[in-house]
2 protein chains.
Amino acid sequence: MLELELKKGSLFEKVLEATLDLVDQASVNCSSTGFSLRAMDTKLVAIVSLLFPSEVFERYRCDDDHSMDISIADMVEALRCANKDDVITIMADDYNGITLTFESPKKDIIAEYDLLFVDAESHCFDIPDLQDLDSKYQAIIRMPSAEFMHICKDLGSNCDDVVISVTKEDVTFCASGESESFRKIYRQNKTLDESEEATATHVDMREPVSLILDLSYMNSCAKLFALFDKVTICLSNTIPMMVEHKIKEKGYIRYFMAPKVEIEIEEEKEGKTENEEAGTEGNKTMQD
Amino acid sequence: MLELELKKGSLFEKVLEATLDLVDQASVNCSSTGFSLRAMDTKLVAIVSLLFPSEVFERYRCDDDHSMDISIADMVEALRCANKDDVITIMADDYNGITLTFESPKKDIIAEYDLLFVDAESHCFDIPDLQDLDSKYQAIIRMPSAEFMHICKDLGSNCDDVVISVTKEDVTFCASGESESFRKIYRQNKTLDESEEATATHVDMREPVSLILDLSYMNSCAKLFALFDKVTICLSNTIPMMVEHKIKEKGYIRYFMAPKVEIEIEEEKEGKTENEEAGTEGNKTMQD
DNA sequence: TTAGTGTAGT
DNA sequence: ACTACACTAA
């Protein structure tokens with residue numbers, strides 16, 4: 001028996017909607033922790049991982065773990081039919097499908113959608129264990145979402161890739177197109193007053209990192225960036241980069257993205273990389 | 001060595017942006033006078049001529065004349081990435097391209113754009129010498145930009161052309177569509193008080209003029225009209241009409257537009273026109 | 001601030 | 001033809 005009630009469903013809808021560009025099918029798991037979802041894009045480059053913790057819901061009843069594969073497109077299509085103030089209920093009695101119910105505030109209009117589960121797609125994937133962020137990633141950037149969105153948009157119109165480089169002094173986003181190139185540099189600024197602090201870009205760097213990322217993927221999550229204040233970008237030379245938005249206290253939506261050809265920073269990490277693929281063009285995949 | 005610094009770049013950006021509808025490539029010239037740009041639309045009907053005099057810039061260093069062909073689209077795209085308070089610097093060390101730099105007021109965020117020059121398009125064109133406006137144009141109308149914009153917008157929705165006629169008594173903007181026609185008439189009013197004077201329409205007429213103009217071109221500059229208070233419209237039976245907005249004291253943005261079929265005002269100017277093209281339909285071009 | 005419509009791009 | 005973005009109107 002599963003019955004989740006959501007009073008303010010627009011974030012839920014918008015977050016799922018934003019993932020549609022990249023993924024169409026997702027594995028959903030409901031447990032006492034909350035509603036979680038993970039999906040991989042068809043090119044195996046990006047993974048979306050979402051947690052709506054139980055506290056986000058008005059009412060959260062989940063007698064035993066439910067795991068199911070759903071079509072995100074179908075679910076979003078259903079959610080789009082909800083009106084802004086509708087109370088959304090997600091129910092599953094059996095293991096064939098879920099029912100979404102939208103109830104108007106006056107309780108006089110009720111819309112119900114039954115969604116059948118879909119067959120799980122074959123490829124399985126692991127998501128990095130994130131118990132200890134600091135030890136996994138060489139650099140963690142925290143900046144206003146709008147700022148990051150603008151970087152991606154500014155660069156994306158004429159360029160395919162962005163190179164993100166973190167050094168002790170600064171963070172650089174760099175892209176090159178046919179007839180132009182672009183660099184945006186964030187200098188480490190230690191002397192910020194309080195009001196500046198809120199909108200500033202913070203970098204926590206353990207080692208210099210430089211990664212090439214596909215801008216089309218970045219732009220696929222641009223809609224998402226509009227929904228949140230802050231974004232956390234975690235970079236590593238050995239595991240996929242992660243872009244995270246916090247949802248309330250415990251929730252999150254995370255994008256994991258495999259870099260395109262890795263740029264090795266030889267001086268810094270000699271002997272540390274196990275899975276070098278020198279000369280390989282294009283994206284690595286999540287299964288590399 | 002070229003290095004121009006602009007503190008308030010939004011006008012610069014908006015003016016260039018407004019030209020995008022018509023032109024995509026421009027010849028830029030920097031000299032001690034200022035930053036000037038000229039471009040012709042692909043149909044050879046309109047020419048944009050722009051001068052940002054050196055006084056508009058915070059810092060203006062131009063050791064020797066620079067002439068270059070740039071993609072306005074690329075330049076605008078770059079300028080769009082500037083934040084409102086950013087200090088914009090235009091630099092050129094060599095003759096391959098220019099670099100635009102946007103520096104945040106706190107100097108901690110720097111965005112740099114390298115734009116390569118493009119190959120000059122083949123068609124060359126002359127811009128009328130405007131040393132002596134009065135002797136070139138038969139009629140000069142000066143009116144609030146917003147007024148002119150509204151005329152174009154009102155007429156443009158259903159009509160293709162506007163006929164602008166200036167006589168001793170009035171200025172008439174006239175457009176005809178399928179099922180309706182529209183006329184807006186400005187009577188010469190000699191008895192204006194001071195407050196009316198500022199928003200009034202002035203006409204300086206040496207000879208009656210009547211020209212047919214393409215409304216789609218007029219509407220392409222509508223965005224531009226929103227940026228300025230006053231517009232000067234110069235009409236002639238022999239040279240392209242000119243629409244001018246003043247930028248500060250010496251600067252300007254000028255549109256030259258070839259009229260569509262000329263309407264001859266036989267009574268008034270018999271024997272005065274040299275380049276009659278009786279029966280020709282459609283726009284003349286700048287090379288006629 | 002949001003919803004709907006219209007256009008443009010894929 | 002569908003989707004996504006932008007603009008406009010409420």
Side-chain angles (χ1 to χ4, degrees), chain A residues 6-26 39 41-43 45-46 48 71-88 102-106 109 111 113 144-161 177-178 214-229 253 255 283, chain B residues 10 13-14 16-24 41-42 71-74 76-77 79-82 84 146 149-150 152-154 156-158 160 215-217 219-227:
Chain A
L6 207 51
K7 266 254 165 65
K8 181 116 177 41
S10 71
L11 181 68
F12 187 68
E13 187 221 316
K14 281 180 181 145
V15 166
L16 286 183
E17 198 169 17
T19 68
L20 266 183
D21 278 359
L22 289 179
V23 296
D24 40 45
Q25 195 172 116
D41 88 301
T42 48
K43 287 177 191 150
V45 170
V48 179
S71 153
I72 303 187
D74 287 351
M75 187 139 176
V76 167
E77 193 173 2
L79 286 166
R80 275 183 181 143
C81 303
N83 289 105
K84 205 173 70 72
D85 298 324
D86 285 356
V87 174
I88 298 173
F102 311 135
E103 196 173 25
S104 68
K106 278 176 265 166
I109 305 173
Y113 288 81
S145 296
E147 186 93 32
F148 188 54
M149 183 178 74
H150 279 123
I151 295 171
C152 296
K153 285 210 165 162
D154 292 351
L155 276 56
S157 44
N158 286 301
C159 308
D160 297 330
D161 305 325
E178 293 273 310
D214 190 314
L215 271 171
S216 71
Y217 281 92
M218 301 303 250
N219 279 318
S220 291
C221 12
K223 271 173 293 189
L224 201 61
F225 302 150
L227 300 174
F228 299 94
D229 289 337
I253 168 127
Y255 278 75
N283 269 308
Chain B
S10 69
E13 186 220 318
K14 282 179 182 148
L16 285 184
E17 197 168 18
T19 68
L20 265 184
D21 280 357
L22 289 178
V23 296
D24 40 45
D41 88 301
T42 48
S71 153
I72 303 188
D74 285 353
V76 167
E77 194 173 0
L79 287 166
R80 276 184 182 140
C81 304
K84 207 171 67 70
M149 182 177 73
H150 279 124
C152 296
K153 283 213 165 161
D154 292 350
S157 46
N158 288 302
D160 298 330
L215 271 172
S216 69
Y217 281 91
N219 279 317
S220 291
C221 10
K223 269 172 292 190
L224 202 61
F225 301 150
L227 300 174

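Protein chains get the first letters and strands the later ones, always in sequence-line order, with residue 1 at the start of each. Any value given below was found using the heavy atoms of this structure, including those in side chains, with hydrogens, waters and symmetry copies removed. Remember, predicted model here, so these are calculated numbers, not experimental data.
- Taking each heavy atom of A:Ser145 and A:Phe225 in turn, the nearest pair found is CB-O, 3.1 Å.
- Residues that satisfy the salt bridge (Lys or Arg N to Asp or Glu O under 4.0 Å) test with A:Asp86, not counting sequence neighbours, are absent from this structure.
- Rounding to whole angstrom units, CG of residue A:Leu224 and C1' of D:dC5 are separated by 17 Å.
- Atom P of nucleotide C:dT2 and atom CG of A:Asp86 are separated by 15 Å, given to the nearest angstrom.
- Checking each of B:Asp24, B:Leu20, B:Leu22 against B:Ile72 for a side chain to side chain contact (heavy atoms under 4.5 Å, CB included) leaves exactly one that passes, namely B:Leu20.
- A:Tyr255 has its ring centre no less than 6.0 Å from the ring centre of A:Tyr217.
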Can you pull every protein N or O that's under 3.5 Å from an N or O on nucleotides 8-10 of chain C?
none

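- In plain terms, the two heavy atoms of A:Gln25 and A:Ala39 that are nearest each other are O-CB, 3.2 Å.
- Per the geometry, NZ belonging to A:Lys8 stands 11 Å off C1' belonging to C:dT1, to the nearest Å.
- Salt-bridge annotation for A:Asp85 and A:Lys8: absent, with no side-chain N of the basic residue lying under 4.0 Å from a carboxylate O of the acidic one.
- For the residue pair B:Leu224 and B:Ala18, the shortest heavy atom distance occurs at CD1-CB, 3.7 Å.
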Nucleotide N/O to protein N/O under 3.5 Å, stretch nucleotides 1-4 of chain D:
residue, atom, partner, partner atom, Å
D:dA4, OP1, A:Asp21, OD1, 2.9

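- The nearest whole Å value for the distance from the CG atom in A:Leu11 to the C1' atom in C:dT2 is 16 Å.
- One N or O on the side chain of A:Asp41 and one on the backbone of A:Ala46 form a donor-acceptor pair closer than 3.5 Å.
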